[in-house]
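Letters A, B, ... mirror the listed sequences (proteins, then strands); counts begin at 1.
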Protein chains: 2
Amino acid sequence: MKELHDPDLLEHYIQTYEIEPMLNKELLPYLTLYRYDHGELICSQGDPYENLFLLVKGKLKIFNTSPEGKTLILSFKTPLDVVGDIEYVKVTDFINTVEAVSEVHMIAIHHRWLKKFASDHTPFLKFLLKMITEKFYVKSSSLSFNLLYPVEVRFASYLLSVCFDESDALYSGKLSTSHLMDAANLIGTSYRHLNRVIQHLSSEGLVERHKGFIVVKNRDGLSKLANHRNIYE
Amino acid sequence: MKELHDPDLLEHYIQTYEIEPMLNKELLPYLTLYRYDHGELICSQGDPYENLFLLVKGKLKIFNTSPEGKTLILSFKTPLDVVGDIEYVKVTDFINTVEAVSEVHMIAIHHRWLKKFASDHTPFLKFLLKMITEKFYVKSSSLSFNLLYPVEVRFASYLLSVCFDESDALYSGKLSTSHLMDAANLIGTSYRHLNRVIQHLSSEGLVERHKGFIVVKNRDGLSKLANHRNIYE
DNA sequence: GGTTGGGAAGGACATATGTCCCAGATGGAA
DNA sequence: TTCCATCTGGGACATATGTCCTTCCCAACC
């Protein structure tokens with residue numbers, strides 16, 4: 001983690017994501033820009049709550065480790081998104097662990113200033129409300145989807161979401177095998193079983209295994225299998 | 001559904017649940033009190049969004065029917081709770097179906113007046129934010145719990161939540177068999193499998209089957225099995 | 001009393017998923 | 001080159017769960 005003393009870059013992000021209108025003017029001097037490298041942790045479950053973060057560049061992985069030691073990925077995030085919003089409203093320690101998947105830039109706002117300047121600021125409240133409502137909706141759909149459909153269907157949906165995105169390092173229609181473990185943890189299954197499912201999809205001609213990655217061969221077929229639902233966004 | 005023209009009762013609920021401080025004063029004349037009987041639907045998935053409801057008496061069941069026709073119960077609600085908050089923020093039709101489990105009283109506020117009087121009202125925004133954040137948190141825990149643990153563990157948690165509550169028609173430590181189908185739909189499993197699990201719990205001496213209901217015999221054992229987590233609140 | 005209908009429990013079998021472990025590939029270090 | 005660590009895929013077996021259908025019980029009705 002490294003603080004970036006670059007007012008121009010900060011200003012650039014503020015413009016790009018229209019952050020200023022939602023914050024109280026007096027808060028602006030207290031914004032800090034941080035950089036995290038691939039693999040770095042932004043926070044761990046149980047850490048005391050100090051900052052609200054706005055993700056403005058890169059990709060985050062939000063996960064959680066159960067008492068039994070199993071890792072469950074709750075979501076991936078891309079700009080613009082918020083980290084620490086739930087903790088801010090509930091006034092609790094960090095609930096999950098947040099890791100940088102790529103190089104990440106985040107704007108941090110210390111809760112001291114939030115409380116002082118933004119706790120009654122209508123645009124800020126509305127912003128939080130929108131973000132959290134959307135998160136709730138996604139989570140709720142996701143819960144239903146998980147309870148209702150087997151891993152095969154969920155993985156089909158996952159593939160469609162992840163492979164056809166302009167985001168980093170993922171060529172269109174391909175999924176690197178090194179991400180399979182992540183996929184399993186996100187879907188909530190074992191690596192072993194995910195492999196089995198891939199084998200099956202492969203035998204149906206929907207995907208193909210190659211050395212180092214998986215290719216989607218039949219996008220429509222996958223979409224049909226996934227009931228046309230893109231849960232993993 | 002029946003409108004209750006009872007200003008005193010309405011006032012009573014407003015006092016009891018401290019509803020006034022969170023609403024804009026100008027909104028107060030536009031509150032309507034409705035009564036629903038056991039089994040009545042308050043709204044169905046796809047219905048156009050018209051009212052925000054505040055549950056002030058009774059118990060609600062929120063559920064959803066998948067394209068395949070499977071019913072999944074998302075939650076039960078008791079006062080004070082909100083129905084239509086997500087729809088209000090997202091400006092969409094009703095997402096789920098809401099049914100009265102007992103006699104229910106709800107305060108309705110038409111979205112026309114909400115938009116006019118409350119959309120920038122800080123206490124109201126804060127109230128929504130708190131409610132939705134809590135819902136998100138519960139949903140998120142629930143998702144992890146469902147992905148991580150088998151039906152047996154989830155049912156143990158469910159039993160502990162439901163059976164040791166002062167709420168209607170549920171004697172302490174007992175669960176009526178007629179509610180088993182609901183339980184299965186809430187946990188996201190089949191009635192058949194739930195029976196199997198009950199059989200198993202019974203053979204371990206944790207619960208006992210009687211005609212018409214199930215009794216918890218070993219609360220601590222169940223709690224241990226459920227990892228001390230009360231997901232179903 | 002006999003009949004019938006519905007609800008509740010469970011048997012039989014298929015499928016989904018988890019766990020443990022092994023084998024082959026790969027790439028860097030000795 | 002040889003060896004070792006690691007990554008990746010998959011075999012074997014146990015467990016979890018779904019589906020379909022049968023049996024049993026009891027209440028209501030003729």
Side-chain angles (χ1 to χ4, degrees), chain A residues 39 65-73 143-159 174-204 206-215 225-227, chain B residues 39 66-73 143-158 174-204 206-215 225-227:
Chain A
T65 306
S66 76
E68 293 80 9
K70 283 194 202 171
T71 299
L72 188 65
I73 296 182
L143 176 59
S144 308
F145 198 65
N146 276 296
L147 287 178
L148 247 23
Y149 303 103
V151 170
E152 182 167 278
V153 176
R154 288 183 260 156
F155 184 62
S157 173
Y158 175 81
L159 268 183
K174 297 188 186 178
L175 177 66
S176 159
T177 47
S178 60
H179 294 155
L180 279 187
M181 198 64 196
D182 271 359
N185 286 333
L186 181 63
I187 291 173
T189 189
S190 61
Y191 175 76
R192 175 66 191 94
H193 188 59
L194 188 57
N195 260 319
R196 201 158 15 210
V197 165
I198 291 170
Q199 230 174 324
H200 185 234
L201 292 180
S202 178
S203 79
E204 310 252 299
L206 296 173
V207 306
E208 234 174 52
R209 262 208 137 100
H210 290 258
K211 203 166 56 175
F213 58 91
I214 291 165
V215 196
L225 178 61
N227 298 293
Chain B
S66 76
E68 292 82 9
K70 283 194 202 171
T71 298
L72 188 64
I73 297 183
L143 176 58
S144 307
F145 198 64
N146 275 296
L147 287 178
L148 248 22
Y149 303 102
V151 169
E152 181 167 278
V153 176
R154 288 182 258 155
F155 184 62
S157 173
Y158 175 81
K174 297 188 185 178
L175 177 66
S176 158
T177 46
S178 61
H179 294 156
L180 278 187
M181 198 64 195
D182 272 359
N185 286 334
L186 181 63
I187 292 174
T189 189
S190 60
Y191 176 75
R192 174 67 190 92
H193 188 59
L194 188 57
N195 260 319
R196 200 158 14 208
V197 165
I198 290 170
Q199 228 174 324
H200 185 235
L201 292 181
S202 178
S203 79
E204 308 253 302
L206 295 173
V207 305
E208 233 172 53
R209 263 211 135 99
H210 290 259
K211 204 166 55 177
F213 57 92
I214 291 164
V215 196
L225 179 61
N227 298 291

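- Every ring-ring contact (aromatic ring centres under 6.0 Å, His included) that Tyr158(A) has, sequence neighbours left out, goes to Tyr232(A).
- At a cut-off of 3.5 angstrom, the base of dG11(D) holds at least one donor-acceptor pair with the side chain of Arg192(A).
- In terms of polar N and O atoms assigned as donor or acceptor, the side chain of Arg196(A) never comes within less than 3.5 Å of the base of dG9(D) in a complementary pairing.
- Proximity of Arg209(A) to the phosphate of dG10(D): a side-chain N or O atom is located under 4.0 Å from OP1 or OP2.
- With DNA chain D read from its 5' end, the first of the two nearest nucleotides for Phe213(A) and Leu147(A) is the one closest to Phe213(A).
- Taking atom OH on Tyr149(A) and atom P on dG18(D), their separation rounds to 14 Å, with Å as the unit.
- Nucleic acid contact for Val197(B): none, since no nucleic acid atom lies under 4.0 Å from a heavy atom of the residue.
- When rounded to the nearest whole Å, the span between CD1 of Ile214(B) and C1' of dG10(C) equals 14 Å.
- Among residues two or more places apart in sequence or in another chain, the side-chain hydrogen bond (donor to acceptor under 3.5 Å, both in side chains) test is passed with Thr65(A) by none.
- Dashed line: the shortest gap from a side-chain N or O of Lys211(B) to OP1 or OP2 of dC26(D) is under 4.0 Å.
- Taking CG of Leu72(B) as the reference point, atom CG of Leu143(A) lies at 6.5 Å (rounded to 0.5 Å).
- One interatomic measurement links the two molecules: NE2 of His193(A) to P of dT17(D), which rounds to 13 Å at whole-angstrom precision.
- Contacts of Thr189(B) with the nucleic acid, taken as non-hydrogen atoms under 4.0 Å apart, involve only primed sugar atoms and P, OP1 or OP2.
- Within the 4.0 angstrom heavy-atom criterion, only backbone atoms of the sugar-phosphate kind lie near Thr177(A); the bases stay farther away.
- Look at NE2 on His179(B): it is 10 Å from P on dA8(C), rounded to the nearest Å.
- OP1 or OP2 of dG9(D) has at least one side-chain nitrogen or oxygen of Tyr191(A) nearer than 4.0 Å.
- Arg209(B) contributes no side-chain N or O that, together with a main-chain N or O of Ile214(B), makes up a donor-acceptor pair within less than 3.5 Å.
- In this entry the distance linking CD1 of Ile198(B) with P of dA9(C) reads 7 Å, nearest Å.
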| message | Run the side chain to side chain contact (heavy atoms under 4.5 Å, CB included) test on Asn146(A) and Asn146(B) for me, step by step, so that the C-alpha distance in whole Å, both residues' side-chain angles and the decisive distance to 0.1 Å come before the verdict. | response | CA-CA 8 Å; Asn146(A) 276 296; Asn146(B) 275 296; over 6 Å; no
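- The residue among Glu152(A) and Asn195(B) whose nearest nucleotide of DNA chain C is located toward the 5' end is Asn195(B).
- Rounded to whole Å, atom P of dT8(D) lies 17 Å from atom NE2 of His210(A).
- Within the 4.0 angstrom heavy-atom criterion, only backbone atoms of the sugar-phosphate kind lie near Leu180(B); the bases stay farther away.
- Between Gln199(A) atom CD and dA16(C) atom P the separation is 14 Å, expressed in whole Å.
- Met181(B) places its CE atom 11 Å from the P atom of dG18(D), with the value rounded to the nearest Å.
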